[in-house]
Amino acid sequence: HERLVGSEMCIRDRYAVGASDATFAYAADYLKYVAIGSPFIVSSVMLGNLVRGEGAARVSMIGSIIGQVVNIVLDPIFILNKGDKLFGLAMPFGTGQGVAGAAIATVIGNVVSVIFFLIYFLRGKSILSISPGRYRVRGGIARGVITVGLPAAINSLLMSISNMLINVFLQAYGDNAVAAMGITMKANMLVVMLQLGLAQGVQPLVGYCYGANKLDRMRHSIRFSCVCNIVLGTVITVIYFIFTRQVVSVFIDDPAVIDYGVKMLRALMISGPVIGCMFVLNFSFQGMGKGTQSMILSLSRQGLIYFPLLIIMNKTVGLDGIIWSQAVADLVCTAMSVVMFLLALWLAEIFHLNGIAYILGNMVQVGILALIILFQPEIRQILEKLGSKNIRLLRAFTPAQQQSEVEKAIDQTVIACKEMSQSKTGVLIVFERHILLDDMVRSGTTLDAAVSSELLKNIFFVKAPMHDGAVII
């Protein structure tokens, strides 16, 4: 028994980020090569931002696209074997390295991007220099870099931590749930990345205008980026809601995973139309050098609000709580954004920005009502589960007592089953764990009693009215 417990604890430590027996080997293969190539991955992102920051957005885009195209071209070559089907066509060649091949292709793509940016700098077309001899940290340079860059770094860190937490919690519900969440997060990333791109595009403009005291031009830039994000987010959200199953089916053909994915993707997309404006404000604060405001926004969505919600909703609602935790966090952050929108609306009225005033005013009036109507069935289900299991929230904070009660119930059940087996009495006893059985419980008779062997034997006595029924503990 001690050896088994020790082995289980080692496995739990080994799978602390949410891997299971079926996925650990794949995750290890991918992470190994990505870790080796991480200097090139980080350098690619850093150099692209430097180029974009000096105003050469076209060059930054070309460098990023070149790396992605190389990655896309190399993916099937390194992942598949010769003769494997790709879009119905047989591969003429392939190394067959699977997940490791995908990681290698990613690293090579970033290496190509780094080479492109280095050539750009070395040809003297940039106002910046990468010469080590011109490296300086004096004059507030280091402080300025950290002030502006720390919020973005924290946001990226929190996104990674939140992904790991989701995988850890979803592991209890099987690999299908983990796979479905991975797919839906990738599909959701299409909206997030597009909105982040539009928001990042306004950052250097805000910085130039703010530094040159051209506030009118800065306001116009922010207004244009907000409008684009609202329109883009709304259009893609509507498309996703209409073709949810088709979108998830692009990534996998497993019906069980697709069913999970449909539910998860719709939950994640609830904030699609409005979350982009928070990104615009975040990057605008960074462009103006206001790191505190930017850090508050970064910490809210993926940290201070999301982590507690994920833990509490997992304990109270189960799988549905995990699925909806990000959506609820986004709604809370959307409420924060609405407050910022109201402030922007007030500023817009002062500075006569009628376009953004009209959009924000109407969004505040009808946005919340539209979201409630759209997600009425899901909201009702969550409220029902919270109402039927409200005591679980209190019990979650007494793990020792709860564990003791569970162990006593199991011991008494074992004693009862052993004695009833001697008289060949058939029984059906179910222990409710992660998956809630509320519907079945409501259809039966609730006994508010401690579990004992005598109680179970009386329930399943041959001539008892409940002999042919079942007990849920």
Side-chain angles (χ1 to χ4, degrees), residues 57 61 64-65 68 72 159 180-203 205 219-251 258 261-284 297 301 323-324 326-338 340-342 344-345 348 353-379:
M61 179 189 69
S64 300
I65 290 177
Q68 295 300 322
I72 293 172
M159 288 179 66
M181 181 58 75
I183 290 171
T184 55
M185 292 183 72
K186 288 184 181 297
N188 177 253
M189 273 295 170
L190 173 63
V191 184
V192 173
M193 288 301 181
L194 287 173
Q195 292 179 321
L196 278 174
L198 291 174
Q200 286 177 341
V202 80
Q203 180 181 348
L205 293 175
R219 288 192 294 269
H220 283 294
S221 300
I222 295 175
R223 178 185 65 182
F224 178 77
S225 186
C226 282
V227 172
C228 289
N229 266 304
I230 292 171
V231 174
L232 178 66
T234 302
V235 170
I236 298 181
T237 299
V238 171
I239 294 174
Y240 270 18
F241 269 100
I242 296 175
F243 303 103
T244 313
R245 182 168 292 275
Q246 290 83 348
V247 170
V248 178
S249 299
V250 170
F251 296 89
I258 293 174
V262 169
K263 192 174 185 180
M264 293 175 178
L265 183 57
R266 286 179 174 169
L268 287 175
M269 290 303 300
I270 186 173
S271 60
V274 296
I275 198 69
C277 288
M278 188 181 75
F279 297 149
V280 172
L281 292 172
N282 194 357
F283 284 105
S284 296
L297 290 175
R301 180 173 180 255
I323 294 174
W324 278 91
Q326 183 66 70
V328 175
D330 284 345
L331 285 176
V332 175
C333 290
T334 301
M336 293 177 56
S337 300
V338 168
M340 300 185 73
F341 290 164
L342 292 175
L345 177 61
L353 300 179
N354 298 324
I356 191 172
Y358 176 81
I359 291 174
L360 295 177
N362 284 275
M363 183 186 303
V364 172
Q365 293 175 13
V366 304
I368 297 177
L369 179 61
L371 290 175
I372 293 175
I373 294 174
L374 188 62
F375 291 94
Q376 181 267 337
E378 289 83 359
I379 294 174

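Basis for what follows: all heavy atoms, side chains included, without hydrogens, waters or symmetry-related copies.
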Return the set of residues passing side chain to side chain contact (heavy atoms under 4.5 Å, CB included) with [X] (not counting sequence neighbours), or none when no residue passes.
X	value
Val191	Gln195, Ile236, Tyr240, Met269
Met193	Met189, Leu196
Ile72	none
Phe224	Cys228

Q.
Main chain of Met61, side chain of Ser64: is a donor-acceptor contact present, judged purely on distance under 3.5 Å?
A.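 Not at all, since once roles are kept as given, no pair shorter than 3.5 Å links the two residues.
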
Q) Is a side-chain donor or acceptor of Thr184 paired with a backbone partner of Met181 at a separation under 3.5 angstrom? A)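 Yes.
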
Q: Determine, stepwise, if the pair Leu198 / Val280 fulfils side-chain contact (heavy atoms from CB on, under 4.5 Å).
A: CA-CA 8 Å; Leu198 291 174; Val280 172; 6.0 Å; no

Q | Residue pairs, two or more places apart or on separate chains, that pass salt bridge (charged side-chain N to carboxylate O under 4.0 Å, His left out) and touch residues 241-250 | A |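 Found Arg245-Asp259.
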
Q) Which pairs pass salt bridge (charged side-chain N to carboxylate O under 4.0 Å, His left out) with one or both residues in residues 186-196, sequence neighbours excluded? A)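 For residues 186-196: none.
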
Looking at every heavy atom in both [X] and [Y], which two are closest together, and how far apart are they?
X	Y	value
Thr237	Gly272	OG1-CA, 3.5 Å
Ala180	Gly261	CB-N, 3.7 Å
Leu194	Leu232	CB-CD2, 3.6 Å
Thr244	Phe241	OG1-O, 3.2 Å
Gly276	Asn229	O-ND2, 3.7 Å

Q | Sequence-distant partners of Gln326, side-chain hydrogen bond (donor to acceptor under 3.5 Å, both in side chains), two or more places apart | A |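 Counting only residues at least two positions away or on another chain, Gln326 forms a side-chain hydrogen bond (donor to acceptor under 3.5 Å, both in side chains) with Asp330.
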
Q: Under the side-chain hydrogen bond (donor to acceptor under 3.5 Å, both in side chains) rule, collect the residues that match up with Ser221, sequence neighbours excluded.
A: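 Per chain and number, Ser221 pairs via side-chain hydrogen bond (donor to acceptor under 3.5 Å, both in side chains) with no residue.
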
To the nearest 0.5 Å, how far apart are [atom1] in [X] and [atom2] in [Y]?
X	Y	atom1	atom2	answer
Ile275	Ile230	CD1	CD1	12.0 Å
Trp324	Met264	CH2	CE	12.5 Å
Ile258	Leu265	CD1	CG	12.5 Å
Gln246	Ser249	CD	OG	6.5 Å

Q | Val192 side chain reached by Phe279 side chain, heavy atoms, under 4.5 Å | A |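 Phe279 vs Val192: side chains touch.
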
(Q) Do Ile239 and Val235 have side chains that approach each other closer than 4.5 Å (heavy atoms only, starting at C-beta)? (A)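 They are in side-chain contact.
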
